[in-house]
S.K.: 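Got a structure for you, written out below as structure tokens; questions coming shortly.
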Amino acid sequence: PIGEATVACRDVLRLGVAATLVCVGIVACRGGTEVSTQVPDNISVASSAFADGAPIPALYTCRGDDVSPQLSWTGVPEGTAEIALVVDDPDAPRGTFTHWVLFGLAPTTTDLAEGAATSLPAGGKQAKNSAGRASYMGPCPPSGTHHYRFTVYALGGPLGLDDGAGLAEALTATEKRAAAQARRGGLLS
């Protein structure tokens with residue numbers, strides 16, 4: 001009986017270690033806080049501030065006035081409940097750094113004016129960014145060239161979060177409800 005109990009305990013311990021390793025592997029592969037949805041790129045995103053893949057002007061960064069750039073989009077699918085925007089830097093030294101999470105935009109919203117972060121459109125709410133502030137934080141690479149992603153999401157259901165929601169909560173809710181997306185990328189060195 002003691003031998004059987006020892007074997008049973010050893011088997012339970014192995015399962016526990018295996019489960020822990022799987023969980024650690026999943027978290028490690030995720031590589032930071034970022035929305036990793038596998039949704040269609042049906043939307044088109046444009047900006048008068050910078051061309052896709054081009055350098056982002058200083059005005060929109062920590063080196064300038066830290067103003068949110070103008071963005072517009074088309075192709076939002078029918079049935080969209082709300083629009084969300086996530087601005088992030090996948091090249092940050094400690095994993096993806098999220099600069100801005102904006103959500104709660106009406107599905108009929110097709111653009112954000114320059115500086116919209118300080119005067120949100122009707123219904124707009126901001127979740128906390130990676131710095132812990134519910135606001136736009138312009139690109140600000142510590143070194144080297146960083147790629148910044150401005151991703152617009154068409155959500156199949158409302159996030160149901162309050163202004164100032166936590167970053168992980170907002171990104172998870174966005175991932176779960178994303179029905180379509182599009183991205184505009186910019187660079188900064």
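Everything numeric here is computed off the predicted structure, so don't read it as measured data.
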S.K.: Looking at F50, is its backbone amide N or carbonyl O close enough to the side chain of R184 to form a donor-acceptor pair, meaning the two atoms are under 3.5 Å apart?
M.R.: yes
S.K.: Can you pull the side-chain hydrogen bond (donor to acceptor under 3.5 Å, both in side chains) pairs that have at least one residue in residues 69-78, sequence neighbours excluded?
M.R.: S48-Q70
S.K.: Of all the heavy-atom pairs spanning V45 and A182, show the shortest one and how long it is.
M.R.: CG2-CB, 3.5 Å
S.K.: Kindly compute the distance separating CD (Q181) from CG (L155), expressed to the nearest 0.5 Å.
M.R.: 10.5 Å
S.K.: Can any side-chain N or O of D163 pair as donor or acceptor with the backbone N or O of K125 at less than 3.5 Å?
M.R.: no
S.K.: For a side chain to side chain contact (heavy atoms under 4.5 Å, CB included) with H99, tell me which candidate from D88, N129, D89 qualifies.
M.R.: D89
S.K.: Is it the case that the side chain of S68 and the backbone of Y136 share a donor-acceptor pair, with hydrogens and angles ignored and the cut-off at 3.5 Å?
M.R.: no
S.K.: Can you tell me which residue among S130, P141, C140 is in a side chain to side chain contact (heavy atoms under 4.5 Å, CB included) with F97?
M.R.: S130
S.K.: In this structure, which one of I83, I43, V86 forms a side chain to side chain contact (heavy atoms under 4.5 Å, CB included) with Y153?
M.R.: V86
S.K.: Output a table of donor-acceptor pairs, distance under 3.5 Å, between side-chain atoms of residues 52-63 and any protein atom two or more places apart or on a different chain; print 'none' if there are none.
M.R.:
{"from": "D52", "atom 1": "OD1", "to": "G185", "atom 2": "N", "distance (Å)": "2.7"}
{"from": "Y60", "atom 1": "OH", "to": "E114", "atom 2": "OE1", "distance (Å)": "2.6"}
{"from": "T61", "atom 1": "OG1", "to": "A58", "atom 2": "O", "distance (Å)": "2.8"}
{"from": "T61", "atom 1": "OG1", "to": "R63", "atom 2": "N", "distance (Å)": "3.1"}
{"from": "R63", "atom 1": "NH1", "to": "S189", "atom 2": "O", "distance (Å)": "2.6"}
{"from": "R63", "atom 1": "NH2", "to": "S189", "atom 2": "O", "distance (Å)": "2.8"}

S.K.: To the nearest 0.5 Å, how far apart are OG1 in T98 and NZ in K128?
M.R.: 14.0 Å
S.K.: Over all heavy atoms of both residues, which pair between P142 and P93 is shortest? Give the atoms and the distance, please.
M.R.: CG-CG, 3.9 Å
S.K.: Restricting to side-chain hydrogen bond (donor to acceptor under 3.5 Å, both in side chains), what partner residues turn up for W100, sequence neighbours left out?
M.R.: Q126
S.K.: Where do P121 and L112 come nearest, in terms of heavy atoms and distance?
M.R.: CG-CD2, 3.5 Å
S.K.: Treating Ile, Leu, Val, Met, Phe, Trp and Tyr as nodes and any side-chain heavy-atom pair under 4.5 angstrom as an edge, say whether Y148 and L102 lie in one connected cluster.
M.R.: yes
S.K.: Would you say L159 and L171 are hydrophobically clustered, going by side-chain heavy atoms of ILVMFWY under 4.5 Å?
M.R.: yes
S.K.: Rounded at 0.5 Å granularity, tell me how far OG1 in T174 sits from CZ in F103.
M.R.: 8.0 Å
S.K.: Okay, side chain of T80, backbone of P77: is any donor-acceptor separation there less than 3.5 Å?
M.R.: yes
